[in-house]
Amino acid sequence: MALDQFLTALDSMLGEARACLETVDSAEALEQLRVKYTGAKSGALKSVQKMLAGIEGKDKPAAGKRFNEVRDGIEEALAQAAQRLGVSGVQESIGPSFDPTLPGLRPNLGTIHPITQSLEHLKEIMGRLGFNVTEGPEIEDPWHNFVALNIPEDHPARDPLDNFYLATAKASAPILAGRTTQSAQPARLLRSQTSTVQIRVMETQPLPLRIISLGRVYRPDAPDATHFPMFHQMEGLWVDRNVTMAQLKSVLRLFATSYLGGDVNIRFRPSFFPFTEPSVEVDYWWNGQWIEFGGAGMVDPNVFQAVGIDPEVWSGFAFGLGVERLCMRRFGITDIRDLYRSDVRFLRQFAT
Ligand code: PHE
């Protein structure tokens with residue numbers, strides 16, 4: 001079809017439509033005109049649009065442009081007529097009309113990350129056991145990450161190779177040495193354990209205490225199926241008169257069966273931490289092997305002394321559990337890295 005023929009057809013349609021719409025005098029007549037010109041199935045615009053297909057390639061842009069102008073012109077005339085007659089809601093013309101036979105569009109909703117779900121679930125279980133939730137900073141000083149936790153200056157846990165020290169200008173000398181001196185600005189590091197929060201809480205809150213603290217910790221580990229340089233811990237601390245190791249064990253057992261299921265098999269292994277005495281590591285049984293998911297023990301008297309609590313009067317237990325290890329067992333996730341690849345196809349599986 002020739003371009004000028006097409007343009008003429010468009011122009012006369014616009015002229016005719018304007019003339020009709022200027023004089024239309026009832027809502028019904030307006031609706032008829034709307035259908036006549038802009039109806040989705042056999043409206044005039046629709047049939048002209050079909051003619052576009054027969055226009056030669058080089059003329060298409062000009063033809064398309066004019067078509068859009070005419071369509072806008074008719075829509076404007078329709079809107080003016082509707083306004084004049086006090087009719088509201090003139091339907092979008094050639095735009096998408098509602099077709100109830102088409103499948104609906106599903107809104108693309110996010111889902112809650114399995115670790116976030118676990119954090120909430122852990123808080124809920126520990127809340128029932130009477131533990132209050134507290135928080136501490138992820139950037140720490142050596143006092144809270146080490147010294148007050150009975151980890152002396154020359155302890156290998158303070159090695160720069162095992163910690164993310166922050167390279168602040170003033171602190172660089174102590175960083176290189178992996179320690180701080182009284183005179184220098186203290187080094188800062190990303191906390192390597194949530195046990196820091198034990199110290200912060202005992203420094204500031206009145207006794208007795210029963211708290212948990214959940215959050216991120218950082219260690220320069222090479223990522224593999226069970227290690228990641230950032231992970232989450234749940235720290236627990238109970239300080240009162242006459243707190244015992246038996247209570248520690250029953251709290252952890254209760255916790256494990258609530259979170260992992262009544263049939264979970266857990267065991268306590270004698271171990272060592274500078275800030276607890278005696279100390280244990282806690283394992284669960286999964287797929288034919290014991291998997292460690294945390295450490296625990298009775299608060300060491302040196303830790304109490306560091307925060308000014310009398311170890312002759314008060315006793316307590318503390319534990320630190322790996323949230324990823326718990327979450328993985330609960331959801332059957334076998335590679336910790338999957339949790340942090342941000343692949344929604346993986347994460348969606350855990351939608352609640
Ligand atoms: N902070 C220890 C760790 O990160 C765990 C722990 C917490 C052990 C509290 C004993 C008491 O491995």
Side-chain angles (χ1 to χ4, degrees), residues 122 126 129 131 133-138 140-152 155-159 161-164 189-203 209-221 226-240 243-253 255-256 266-284 290-304 306-307 309 311 314-326 336:
L122 300 184
M126 297 310 291
L129 294 171
F131 287 79
V133 180
T134 57
E135 274 182 28
E138 289 177 28
E140 267 295 6
D141 49 50
W143 168 258
H144 292 96
N145 203 87
F146 303 122
V147 182
L149 287 165
N150 200 30
I151 304 176
H155 194 280
R158 299 179 67 155
D159 195 311
L161 292 175
D162 292 326
N163 293 284
F164 287 110
L189 73 161
L190 297 178
R191 67 180 176 192
S192 60
Q193 49 184 350
T194 45
S195 299
T196 53
V197 186
Q198 289 182 39
I199 302 303
R200 291 189 174 272
V201 168
M202 289 192 286
E203 281 173 339
L209 271 174
R210 206 192 310 179
I211 59 97
I212 50 165
S213 187
L214 298 105
R216 295 166 187 234
V217 300
Y218 301 85
R219 297 178 190 176
D221 286 337
T226 51
H227 296 87
F228 205 71
M230 182 285 300
F231 59 98
H232 295 72
Q233 286 189 324
M234 174 169 75
E235 192 79 13
L237 175 70
W238 185 333
V239 181
D240 206 335
V243 175
T244 67
M245 188 87 186
Q247 282 169 319
L248 166 62
K249 289 176 75 176
S250 46
V251 163
L252 286 180
R253 252 184 219 294
F255 161 75
I266 71 164
R267 73 170 183 192
F268 299 91
R269 248 178 320 112
S271 186
F272 174 80
F273 296 101
F275 35 93
T276 46
E277 181 59 35
S279 304
V280 290
E281 275 173 307
V282 208
D283 306 333
Y284 57 64
W290 289 106
I291 301 194
E292 183 209 321
F293 68 101
M298 303 306 294
V299 178
D300 192 291
N302 288 344
V303 173
F304 277 143
V307 291
I309 292 175
W314 301 95
S315 54
F317 69 68
F319 57 84
L321 311 182
V323 176
E324 277 74 0
R325 298 259 172 111
L326 289 163
I336 190 173

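We count ligands from 1, going down the list as the structure has it; atoms in each ligand are counted the same way.
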Where does the angle between the aromatic ring planes of W238 and F317 fall among parallel (under 30°), tilted (30 to 60°) and perpendicular (over 60°)? tilted
Who passes side-chain contact (heavy atoms from CB on, under 4.5 Å) against P137, sequence neighbours left out? E140, R200
Among protein heavy atoms, which lies nearest atom 1 (N) of ligand 1, and at what distance? Q193 OE1, 2.7 Å
Could you tell me, atom by atom, which parts of ligand 1 come under 4.0 Å of a heavy atom of Q198? 9 (C)
Could you tell me, atom by atom, which parts of ligand 1 come under 4.0 Å of a heavy atom of Q233? 3 (C), 4 (O)
Judged by modelled atom types alone, do Y284 and E292 share a side-chain donor-acceptor pair under 3.5 Å? no
Is there a heavy atom of M298 sitting under 4.0 angstrom from any atom of ligand 1? no
Against heavy atoms of T276, which atoms of ligand 1 measure under 4.0 Å? 10 (C), 11 (C)
Does the distance from a Lys or Arg side-chain N to an Asp or Glu carboxylate O, for R269 and D283, drop under 4.0 Å? yes
S195 to ligand 1: N or O pair under 3.5 Å? yes
Min heavy-atom dist F317 to ligand 1 below 4.0 Å: no
Heavy atom of S279, distance to ligand 1 below 4.0 Å: no
Can you check whether F268 reaches E281 side chain to side chain, under 4.5 Å on heavy atoms? no
Is a side-chain donor or acceptor of R158 paired with a backbone partner of V147 at a separation under 3.5 angstrom? no
Per-atom contacts of ligand 1 with A318, taking only distances under 4.0 Å to non-hydrogen atoms: 9 (C), 11 (C)
Residue of the set H144, R191, E135 for which side-chain contact (heavy atoms from CB on, under 4.5 Å) holds with V197: R191
Hey, are Q233 and Q193 close enough side-chain-wise for a donor-acceptor pair under 3.5 Å? no
Starting from atom 7 (C) of ligand 1, what is the nearest protein heavy atom, named by residue and atom, and what distance separates them? G320 N, 3.2 Å
Spacing of H232 atom NE2 and L214 atom CG [to the nearest 0.5 Å]: 9.0 Å
Under 4.0 Å, heavy atoms only, figure out whether ligand 1 is touched by the backbone of F319, its side chain, both or neither. backbone
Just which atoms of ligand 1 are under 4.0 Å from any heavy atom in G295? 6 (C), 7 (C), 8 (C), 10 (C)
Output the list of atoms in ligand 1 that are nearer than 4.0 Å to some heavy atom of A296, sorted by atom number. 8 (C), 10 (C), 11 (C)
How close does the nearest protein non-hydrogen atom get to atom 4 (O) of ligand 1, and which residue and atom is it? R219 NH2, 2.8 Å
